[in-house]
Every structure is written in structure tokens, then in C-alpha cells.
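These notes concern the structure reproduced below.
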Amino acid sequence: MKKILIVGGAGYIGSHNVRLFLDRGYDVVVIDNLNTGHLDALDSRAKFYKCDIRNKEELKKIFLDEKPDGVVHFAALSLVGVSMKQPLEYFSNNVYGMQILLEVMHETGVNKIVFSSSAATYGDVKEMPITEDTPTNPINPYGETKLMMEKMMKWCDIAYGIKYVSLRYFNAAGAYDDGSIGEDHNPETHLIPLILQVPLAKRDHISVFGDDYDTRDGTCIRDYIHVMDLADAHVKAIEYLFKGNDSQIFNLGTGDGQSVKEMIIEAEKVVGKEIKKEFAPRRAGDPAKLIASNKKAKEILGWTPKYTLHMIMESAWKFHSTHKDGYKK
Ligand code: UFG
């Protein structure tokens with residue numbers, strides 16, 4: 001049985017991956033500093049270490065004790081708006097964290113890593129869909145750190161033979177089918193959780209940031225991809241590396257986009273009542289439209305997203321309606 005070390009396994013996307021890796025028969029060890037992750041999101045079948053990856057001594061000891069076959073890395077700060085105000089925290093957590101992780105992998109002979117990257121590496125792109133060859137030009141510190149982390153892996157591959165797959169997610173969304181784990185950020189800035197706070201009476205209305213974009217209904221279009229489809233891609237990516245393949249970068253999205261207004265309509269269908277919305281000014285830094293080309297992941301990883309928009313909204317509602325104030329801890 002292969003052992004996977006999931007770094008940041010108590011966070012939103014990490015915790016869904018932990019479940020899927022366990023269900024697919026992997027031995028899973030989780031490391032998380034619990035700064036933004038949640039103990040309640042952790043699967044009890046996984047072995048857990050509370051550790052910050054910048055603590056090299058502790059991290060190295062875990063690697064030496066556990067001897068993982070591969071690493072899946074989610075341990076990064078991920079809020080675009082916060083990154084604009086606190087860039088140095090993002091460089092420390094994300095870039096310096098990656099530096100220590102790669103040092104420890106190199107020193108302990110672990111040479112396979114799947115990395116949680118982002119569409120934010122591309123920046124404000126005009127031509128859709130975005131392919132892996134679209135030039136990268138991040139417009140915020142968060143996206144910049146993700147791109148830097150990719151470059152660090154690239155040079156460590158050349159120098160030390162550490163093979164990586166970098167997965168650039170578009171808009172991660174939804175929750176585990178039964179609603180037992182899901183999305184809980186503080187502060188919450190993502191569209192779906194905020195829309196669902198209205199029927200939960202946690203906010204009066206959802207603000208639609210801009211209705212004068214050059215899109216079919218004037219609101220921004222995004223490519224929402226279910227978190228379990230993302231997890232499936234991670235399993236496929238590590239298996240691709242275990243087969244001895246070369247490092248790669250893949251976009252992960254459905255290849256289709258929904259507008260903010262369409263997301264609100266979908267939420268109304270799932271919740272069964274009207275959701276009050278108010279139009280607000282554009283949010284700084286929001287591109288009008290972001291849609292992935294997922295051709296490369298389909299061809300090379302054999303990955304196809306299976307969750308529909310309805311399933312995304314339904315699973316998110318299951319989580320939020322049963323965790324009104326998020327996780328307890
Ligand atoms: N939006 C609203 N009202 C809200 C919140 C969001 O209208 O209250 C809109 C945004 O303007 C945007 C869309 O809903 O058009 C989606 O916004 P999110 O904040 O949910 O997601 P983003 O597209 O801004 O961000 C996502 C990921 C980031 C990643 C980025 C890449 O969450 O991690 O894509 O561009 F960096």
C-alpha cells in the first residue's frame with residue numbers, strides 16, 4: 001500500500017482529498033498547522049501531525065518516521081483580497097513553506113509531489129479558454145506565490161529529479177456528497193457560501209459585484225469545478241507520477257462558465273426560495289471571464305469532471321445548512 005503525505009489536509013480542498021485517497025486504498029498521513037484548517041474536517045482514518053511546514057526540524061522528523069511515497073501539497077494561504085494587504089505573510093507561508101518542504105523532500109529522498117496551484121497564476125486573460133500555454137501574469141500576491149512555487153518545483157526537478165504535477169484549479173466549489181465536510185473560510189469571500197448565507201438568514205442579501213461586464217448578462221463568469229472532481233485529479237496525478245512520468249502542469253475546470261446571476265438562480269432552485277440580491281460596484285481585480293481548457297488533463301491524466309452545477313450547489317447546501325456557523329473547532 002502506498003503512503004501519501006497530505007500537507008494542508010485539514011483545509012477545504014485538502015480534507016476532500018484525504019477522504020478520496022483513503023477510499024481509493026492509500027495510507028494517508030496529514031500535516032496541518034490548523035491556522036486555517038479544521039480538526040473537524042479531518043478523517044479519523046488518517047494519521048495526523050499538527051505541524052507548520054516552515055518548522056524544518058519537525059517536518060524532517062515526520063518524513064523520516066513516515067517515509068511517504070509521495071506528497072500532495074495544499075498548505076497555503078489562499079485569499080486573494082487578504083494577500084493584497086498582507087503580501088509578506090503570503091510569501092512566508094506559501095513560498096518559504098514550499099522552500100522548506102522541497103528541502104526536506106530532497107534530504108529524505110522523497111521525489112514525487114502533486115501541487116495545488118491556481119488559475120490566479122494567469123491573471124487577467126482576455127482570450128478564452130485558458131490553456132496551459134496561456135502566458136502567466138498574476139495580478140495579486142496570492143497568484144504570484146503560486147507561480148513562484150511552481151517555478152521552485154521546476155528547478156528542483158532539474159537539479160534533484162523531484163517530479164511534480166501542478167494542478168491549476170479554476171473555481172473550487174461544492175462539498176462532500178453527504179455534506180459532512182465542506183468550505184469554511186474566515187473571512188468568507190467566495191460566491192457560493194456567501195449566496196447560501198442569505199437563505200440561512202446569516203445575511204440579508206448577496207451583493208453582485210458589477211453588472212456591466214462584457215458578458216451575456218453583465219455579471220462575471222467563472223468555471224466552477226466540484227471539489228471531489230479536483231480530488232479525483234489529484235489521485236490520478238500521483239498515480240501518473242508513480243508510473244514514472246515527467247513533471248506536468250494541468251488546468252482543472254469544467255471548460256464551461258456560469259455568471260454570478262446564473263449561480264444565484266441555481267441556488268434558488270436548490271434551496272427552493274428566492275434569494276435577495278443587490279447590485280454593487282465591481283470588485284477590484286476581478287477579470288470578466290475565466291474559463292479553463294481541460295483538454296490536457298483529459299488527454300494525459302484521463303480525467304473528466306463528473307459533477308454538474310446542480311450537484312455542486314446541492315452538496316454545498318447540504319454542508320452549509322448542517323454547519324450554519326461552519327466547523328465547531
Ligand atoms: N462575487 C460576487 N459577490 C460576492 C462574492 C463574489 O458577485 O459576494 C463574484 C466575484 O466578483 C466573482 C465571482 O463571484 O466574479 C466568484 O468570486 P469568488 O470570490 O468566489 O472567486 P474568484 O473567482 O474571485 O476566485 C477564485 C479562487 C481564487 C483564485 C481565483 C483565480 O477562489 O483562489 O479564482 O482568479 F485565485
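Starting from 1, each residue takes its place in the sequence as its number. Indexing begins at 1, ligand by ligand and atom by atom, following the structure's order. What you are looking at is a predicted structure, and each value in this text was computed from that prediction instead of being measured.
- Put simply, the side chain of Arg282 reaches to within 4.5 Å of the side chain of Asp212, judged on heavy atoms.
- A salt bridge links Lys56 with Glu107: the closest approach of a Lys/Arg side-chain nitrogen to an acidic carboxylate oxygen falls below 4.0 angstrom.
- Ligand 1 is surrounded by Ser78, Val80, Ser118, Ala120, Tyr142, Asn171, Thr189, His190, Leu191, Leu194, Ile206, Ser207, Val208, Phe209, Cys220, Arg222, Tyr224, Val260, Arg283, Asp286, Leu290, each with at least one heavy atom closer than 4.0 Å.
- For Ser92, the side chain to side chain donor-acceptor pair (under 3.5 Å) test picks out Arg54, with sequence neighbours left out.
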Full working for ring-ring contact (aromatic ring centres under 6.0 Å, His included) between Phe74 and His234:
CA-CA 11 Å; Phe74 299 100; His234 289 72; 5.1 Å; yes
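- Other residues sharing a hydrophobic cluster with Val198 under the 4.5 Å side-chain heavy-atom criterion for ILVMFWY residues are Leu191, Ile192, Leu194, Ile195, Leu196, Leu200, Ile206, Val208, Tyr224, Val260, Met263, Ile264, Val270, Val271, Ile275, Phe279, Leu309, Ile312, Met313, Trp317.
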Enumerate, atom names and distances included, each donor-acceptor pair closer than 3.5 Å involving a side-chain atom of residues 147-156, sequence neighbours excluded.
residue	atom	partner	partner atom	Å
Glu150	OE1	Arg168	NE	3.4
Glu150	OE1	Arg168	NH2	2.6
Glu150	OE2	Ser117	OG	2.7
Glu150	OE2	Ser166	OG	2.8
Glu150	OE2	Arg168	NE	3.0

